[in-house]
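Chain letters run A, B, ... following the sequence lines, proteins first and then strands; every chain starts at 1. Reckoned from all heavy atoms, side chains included, excluding hydrogens, waters and symmetry mates. All of these numbers come straight from a predicted model, not from anything done at the bench.
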Number of protein chains: 2
Amino acid sequence: MTDRPRPLRADAARNRARVLQVAYETFAAEGAAVPIDEIARRAGVGAGTVYRHFPTKESLFQAIVADRLHQVVERARALAAADPGEGLYAFLFLLAEQGATDLGLTEAFAGTGFDLTEALPEAEREFMGTVAEILAQAQQAGTVRPDVDAADIKTLMVGLQAMHRFRGDSEHMRRVYPLIRAALAVQKAEG
Amino acid sequence: MTDRPRPLRADAARNRARVLQVAYETFAAEGAAVPIDEIARRAGVGAGTVYRHFPTKESLFQAIVADRLHQVVERARALAAADPGEGLYAFLFLLAEQGATDLGLTEAFAGTGFDLTEALPEAEREFMGTVAEILAQAQQAGTVRPDVDAADIKTLMVGLQAMHRFRGDSEHMRRVYPLIRAALAVQKAEG
DNA sequence: ATAGAATCGGGGCGTGCGTTCCGGTTAGTA
DNA sequence: TACTAACCGGAACGCACGCCCCGATTCTAT
């Protein structure tokens, strides 16, 4: 999977990258209902080319999601390395911000029965592993209460992502984010 | 809109209600991609009957959402009347719980470009009005911090709803809900 | 430079869905 | 009970989209 038998011809690689980029932007902005022909047209290639690189529409979805997920994980790792105590909060905020654009994807794939865990188990594991790692660092630094686990964080991330749903106005999320942060911070007096 | 020129024949009313119910359950469980023919089949009527009551698929969506929204508002009002201080929390929890089933709707409509505010402005106003009302009661009772507004609550509701997105397991939401509640409760020491 | 092979492009096929239409049927009324 | 108007069912239409195919084109290795 990591090493290809042959390194893919130059123009083919170029086209593949271009299709992936255009598809990401288009689906995020206009939903998954956009036809492949339209993706091809905007990428300046024929429909056949798209289908050669991504044999089915679903496989194109998978490639997009895997790509985005990998990027966000890398950025989160960098943030956490810079400041372990703030890392998790930075991760949450990053995801919430990114959510403004990626929400299009989330919504688009929601209706198609696309299940991340079973479609891309590897990417899912990488993501959850990173969450657990960064969470542990924050808890050791004492900035996040110890009784939350990685699954809770994931749940919160999903919620934060969804909060962009109305009007694409990120103002709402920005107002609510401090509340979430306060909820996660260690409480001196526990109720 | 409230008074019809003629009160709709008995069988027609029966069929309409039946289609609405079946459509709600089906879309919630299997997504908005289910064909109208299938809805009709399950409701035990012909496709023509569905289209007579709901001239387009979108109008069927609207009727379902308006129905659900109205029901949830009524229940929220009852909860708040019973205990003004707990009303808002009960409302939040109700929505979060209901989200487990209604999430199907949310996701189903997310991909279709369905916008509540512009599709059903009246229902939206009723909903937001109720939120504002119940929030005000809770704030007067001193159970919710005074610096949050109705829009913030709506944002949180959207997030809570979305938290069911993975595995339909309501366990995740139940673990996170107390965090949200703690964040909304009045803070004795403000940071 | 040239041969050979992989890639490109876009026209075309099949399918499935939203919507319409009309002959048969059934609920209300006198 | 008989008449009428509204309602019912499901066959049929048109369209849009996913996917396949093949002649023309472009890249790489010798």
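Under a cut-off of 6.0 angstrom, the local environment of CD in B:Q140 is sparse, with at most 12 non-hydrogen atoms contributed by other residues, nucleotides or ligands. Residue B:R42 qualifies as enclosed at atom CZ: its count of foreign heavy atoms under 6.0 Å is above 12.
Rounding to whole angstrom units, CZ of residue B:R52 and P of C:dC21 are separated by 13 Å. The distance between atom CZ of A:R16 and atom P of C:dA6, rounded to the nearest whole Å, is 19 Å. In this structure, CG of B:D37 is placed 15 Å from P of D:dC13, rounded to the nearest angstrom. Separating the OH atom of B:Y51 from the P atom of D:dC7 is a distance of 19 Å, rounded to the nearest angstrom. For the pair B:F61 CZ and C:dC17 C1', the computed distance is 12 Å after rounding to whole Å. Between the CZ atom of B:F27 and the C1' atom of C:dC17 there is a distance of 12 Å, rounded to whole Å. The separation between B:I39 atom CD1 and D:dG9 atom C1' is 17 Å, rounded to whole Å. Atom pair B:K57:NZ and D:dC15:P shows a separation of 20 Å (rounding to whole Å applied).
Taking CG of B:L156 as the start and CD1 of A:I180 as the end, the distance is 6.0 Å to the nearest 0.5 Å.
In this structure, B:N15 contributes its side chain and B:A12 its backbone to no donor-acceptor pair below 3.5 Å. Listed for the A:Q139 side chain is a donor-acceptor partner under 3.5 Å among the backbone atoms of A:V148. Formation of a donor-acceptor pair under 3.5 Å by the B:T143 side chain with backbone atoms of B:A138 is found in this model. Put simply, the side chain of B:K57 gets close to the backbone of B:A32: a donor and an acceptor are under 3.5 Å apart.
When the side-chain nitrogen and oxygen atoms of A:N15 are compared with OP1 and OP2 of C:dT7, none of them lie within a distance under 4.0 Å. Side-chain N/O atoms of A:H53 include one lying less than 4.0 angstrom from OP1 or OP2 on C:dC8. Dashed line: the shortest gap from a side-chain N or O of A:T56 to OP1 or OP2 of D:dC19 is under 4.0 Å. In terms of phosphate contacts, A:T49 brings no side-chain nitrogen or oxygen within less than 4.0 Å of OP1 or OP2 of C:dT7.
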For nucleotides 23-30 of chain C, read 5' to 3', which letter fits each nucleotide if B means a protein heavy atom sits under 4.0 Å from the base, S means only the sugar-phosphate is that close, and - means neither? ---BSS--

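DNA chain C is contacted by no residue of residues 40-47 of chain B, taking any non-hydrogen atom closer than 4.0 Å.
For A:F27, the ring-ring contact (aromatic ring centres under 6.0 Å, His included) partners two or more places apart in sequence, or in a different chain, are A:F61.
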Apply side chain to side chain contact (heavy atoms under 4.5 Å, CB included) to B:L116 and B:F127, showing your working. CA-CA 11 Å; B:L116 177 64; B:F127 181 81; over 6 Å; no

